[in-house]
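Written out below as structure tokens is the structure these notes cover.
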Amino acid sequence: MRFHVPGLWWPTALLALALFVDALLSIRPPAFIRGCLDGAGLAREWWWALIVIKLLATAGLVAGLAYDGIGLAANIGAVAYFLCAVCAHIRARFLRQEFWLNCLGMLSLAGAVLTVSYAV
């Protein structure tokens, strides 16, 4: 049984690339990422965990291009991750530009890829 819509591999690849670049940027975060994480109230000693999560999601999305179900699970995980980030930002009352561009932008991308790639 195939979960992925045939021929629509590129949205999943785009999300994997976006998460991979985000993880690489998070190693030495530029101001907009630092502002987002500080604004949400995440302790700096836990920032490494976000890099691991993003790299695991990237690996799952790439593996999902070849193996049924793995990409779907990774995509759902990415949506859940960014939903949690939205909740953290709202709870911290940090709704500045970083929230709208970084957090909601990535949630929108992950949600759109899930909808386009797996809605059959």
Side-chain angles (χ1 to χ4, degrees):
M1 182 158 115
R2 190 101 179 120
F3 292 109
H4 201 267
V5 176
L8 279 180
W9 60 270
W10 63 267
T12 301
L14 177 67
L15 178 58
L17 178 64
L19 284 168
F20 183 70
V21 169
D22 191 10
L24 289 180
L25 285 173
S26 296
I27 294 170
R28 293 187 58 103
F32 73 95
I33 293 177
R34 282 193 315 271
C36 197
L37 297 175
D38 284 335
L42 183 63
R44 288 186 180 227
E45 54 267 11
W46 285 101
W47 288 10
W48 66 269
L50 303 182
I51 297 167
V52 172
I53 291 167
K54 292 170 189 175
L55 289 174
L56 287 171
T58 299
L61 289 165
V62 171
L65 294 172
Y67 300 101
D68 293 341
I70 295 174
L72 176 61
N75 202 155
I76 291 170
V79 169
Y81 169 83
F82 288 111
L83 280 173
C84 290
V86 166
C87 291
H89 280 81
I90 291 171
R91 185 169 183 231
R93 293 188 175 101
F94 184 76
L95 304 176
R96 296 187 187 149
Q97 181 178 1
E98 295 92 340
F99 166 73
W100 295 99
L101 294 177
N102 299 350
C103 190
L104 287 182
M106 289 297 287
L107 175 60
S108 298
L109 176 61
V113 170
L114 182 64
T115 302
V116 169
S117 297
Y118 300 100
V120 280

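The figures here come from the full heavy-atom set of this structure, side chains too, leaving out hydrogens, waters and symmetry mates.
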(Q) In this structure, would Leu83 and Ile76 fall into the same cluster of hydrophobic residues linked by side-chain contacts under 4.5 Å? (A) yes
Q. Is Val79 reachable from Leu56 through a run of I, L, V, M, F, W or Y residues, each pair having side-chain heavy atoms under 4.5 Å apart?
A. yes
Q. Does any non-hydrogen side-chain atom of Val86 lie less than 4.5 Å from one of Phe82?
A. no
Q: For residues Ser26 and Trp47, determine if any side-chain heavy atom of one lies less than 4.5 Å from a side-chain heavy atom of the other.
A: no
Q. Is there a path of hydrophobic side-chain contacts, each under 4.5 Å between heavy atoms of I, L, V, M, F, W or Y residues, that connects Val52 with Ile27?
A. no
Q) Less than 4.5 Å apart, any side-chain heavy atom of Leu114 and any of Leu72? A) yes
Q: Check whether any side-chain heavy atom of Arg44 sits under 4.5 Å from a side-chain heavy atom of Leu37, and report yes or no.
A: no
Q) Is any side-chain heavy atom of Leu50 closer than 4.5 Å to a side-chain heavy atom of Leu42? A) yes
Q: Answer yes or no: is there a side-chain heavy-atom contact under 4.5 Å between Tyr81 and Lys54?
A: yes
Q. Which residue, Leu17, Leu19, Leu24, forms the side chain to side chain contact (heavy atoms under 4.5 Å, CB included) with Val21?
A. Leu17
Q: Enter the distance from Ile70:CD1 to Asn75:CG here, rounded to the nearest 0.5 Å.
A: 13.5 Å
Q.
Within the 4.5 Å heavy-atom criterion, are Trp10 and Leu15 side-chain neighbours or not?
A. no
Q. Is any side-chain heavy atom of Val113 less than 4.5 Å from a side-chain heavy atom of Leu14?
A. no
